[in-house]
Visitor: 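Shown below is the structure under consideration.
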Amino acid sequence: QVQLVESGGGLVQTGGSLRLTCQTSGRTFRWYVMGWFRQAPGKEREFVAAIRMSIGRTYYSNNMKGGRFTISGDNAKNTVYLTINSLTPEDTATYYCAASRGQSSDISLYAEESQYDLWGQGTQVTLSS
């Protein structure tokens, strides 16, 4: 059984940095696109960023632009990372990893949850002041 396992969350200080990791466990499978979403308390889950694994092309939510978020991937390891810098209390959320076998070359489509085939259980990021 293939699973996505997130790690790297926790309690962090405002202004600090964090790197989240999402690994694929189980049967080896090359994902076409992997992405990160987050859900803050009392809010809908929202798209953060996606990466086309074989070529490293990335796409970010307009809300996440400005250089604080960086998505990267290791295609050989079926692993995706999300680095967040200059953390603010508004970054407090559960961060979810997702993976897609899709074939569309338009990476902006992967801002939609429906494009993904598998989801992780999430890792909690909590900011302390």
Side-chain angles (χ1 to χ4, degrees):
Q1 183 179 358
V2 181
Q3 291 182 315
L4 299 178
V5 181
E6 301 103 330
S7 61
L11 182 65
V12 292
Q13 288 196 328
T14 298
S17 298
L18 195 65
R19 189 174 87 155
L20 306 178
T21 299
C22 174
Q23 295 176 296
T24 306
S25 67
R27 183 171 59 89
T28 300
F29 192 89
R30 289 286 185 266
W31 299 111
Y32 185 69
V33 168
M34 297 186 77
W36 287 97
F37 290 73
R38 71 179 186 181
Q39 187 168 21
K43 295 188 177 181
E44 297 284 317
R45 188 157 62 184
E46 64 176 341
F47 170 72
V48 176
I51 183 168
R52 190 165 151 190
M53 296 295 286
S54 62
I55 61 174
R57 181 174 296 164
T58 60
Y59 180 72
Y60 293 90
S61 165
N62 285 333
N63 294 336
M64 311 299 167
K65 291 181 179 177
R68 291 201 307 120
F69 295 81
T70 303
I71 188 170
S72 59
D74 185 330
N75 195 37
K77 295 181 179 179
N78 272 342
T79 298
V80 66
Y81 308 95
L82 182 70
T83 301
I84 313 172
N85 296 316
S86 303
L87 286 153
T88 74
E90 287 69 36
D91 294 319
T92 294
T94 301
Y95 286 74
Y96 296 91
C97 167
S100 174
R101 295 189 288 259
Q103 296 295 315
S104 175
S105 61
D106 182 358
I107 195 170
S108 69
L109 294 178
Y110 296 91
E112 297 296 326
E113 294 188 21
S114 61
Q115 295 293 327
Y116 293 89
D117 301 293
L118 187 66
W119 290 80
Q121 296 206 343
T123 184
Q124 178 68 38
V125 174
T126 303
L127 271 289
S128 64
S129 56

Visitor: Under 3.5 Å, side chain of Thr79 to main-chain N/O of Asp74, donor-acceptor pair present?
Guide: no

Visitor: Tell me, please, which residues at least two apart from Thr24 pass side chain to side chain contact (heavy atoms under 4.5 Å, CB included).
Guide: Val2, Leu4, Trp31, Met34, Asn78

Visitor: Could you list all the side chain to side chain donor-acceptor pair (under 3.5 Å) pairs where at least one residue sits in residues 1-22, not counting sequence neighbours?
Guide: Ser17-Asn85

Visitor: Could I get the full list of ring-ring contact (aromatic ring centres under 6.0 Å, His included) partners for Tyr32, not counting sequence neighbours?
Guide: none

Visitor: Would Tyr116 and Leu118 satisfy side chain to side chain contact (heavy atoms under 4.5 Å, CB included), going step by step from the backbone distance to the final call?
Guide: CA-CA 6 Å; Tyr116 293 89; Leu118 187 66; over 6 Å; no

Visitor: Report, as yes or no, whether the 6.0 Å neighbourhood of atom CD on Gln124 holds more than 12 heavy atoms from other residues, nucleotides or ligands.
Guide: yes

Visitor: Is it true that Asp106 and Ser104 share a donor-acceptor pair across their side chains at a distance under 3.5 Å?
Guide: no

Visitor: Going by the rule ring-ring contact (aromatic ring centres under 6.0 Å, His included), which residues pair with Trp36 if we only count those two or more places apart in sequence or in a different chain?
Guide: none

Visitor: Mind checking the CG-OG1 spacing from Leu127 to Thr92? Nearest 0.5 Å is all I need.
Guide: 4.0 Å

Visitor: Could you walk me through whether Val33 and Tyr59 satisfy the side chain to side chain contact (heavy atoms under 4.5 Å, CB included) test, starting with their C-alpha distance in whole Å, then the side-chain angles of each, then the deciding distance to 0.1 Å, before giving a yes or no?
Guide: CA-CA 11 Å; Val33 168; Tyr59 180 72; over 6 Å; no

Visitor: Please identify each residue that fulfils side chain to side chain contact (heavy atoms under 4.5 Å, CB included) with Ser114, with sequence neighbours left out.
Guide: Glu112

Visitor: Under 3.5 Å, side chain of Thr126 to main-chain N/O of Leu11, donor-acceptor pair present?
Guide: no

Visitor: Let me have the donor-acceptor pairs involving side chains of residues 41-51, under 3.5 Å, with sequence neighbours excluded, atom names and distances please.
Guide:
from: Arg45; atom 1: NE; to: Glu113; atom 2: OE2; distance (Å): 3.3
from: Arg45; atom 1: NH2; to: Glu113; atom 2: OE1; distance (Å): 3.0
from: Glu46; atom 1: OE2; to: Arg38; atom 2: NE; distance (Å): 2.9
from: Glu46; atom 1: OE2; to: Arg38; atom 2: NH2; distance (Å): 3.4

Visitor: Are the side chains of Tyr81 and Ile71 in touch, meaning some heavy atoms are under 4.5 Å apart?
Guide: no

Visitor: What pair of heavy atoms forms the shortest contact from Gln103 to Tyr110, and how long is it?
Guide: N-OH, 3.6 Å

Visitor: Exactly one of Thr94, Leu82, Leu20 should register a side-chain contact (heavy atoms from CB on, under 4.5 Å) with Thr123. Which one does?
Guide: Leu20

Visitor: Do Leu18 and Thr83 come within less than 4.5 Å of each other through their side chains, counting heavy atoms only?
Guide: no

Visitor: Are the side chains of Cys97 and Trp119 in contact, using a 4.5 Å heavy-atom criterion?
Guide: no

Visitor: Which distance, rounded to the nearest 0.5 Å, do you find between the CG of Asn75 and the OG of Ser54?
Guide: 6.0 Å

Visitor: Are Phe69 and Asn63 side-chain neighbours, meaning at least one heavy-atom pair lies under 4.5 Å?
Guide: no

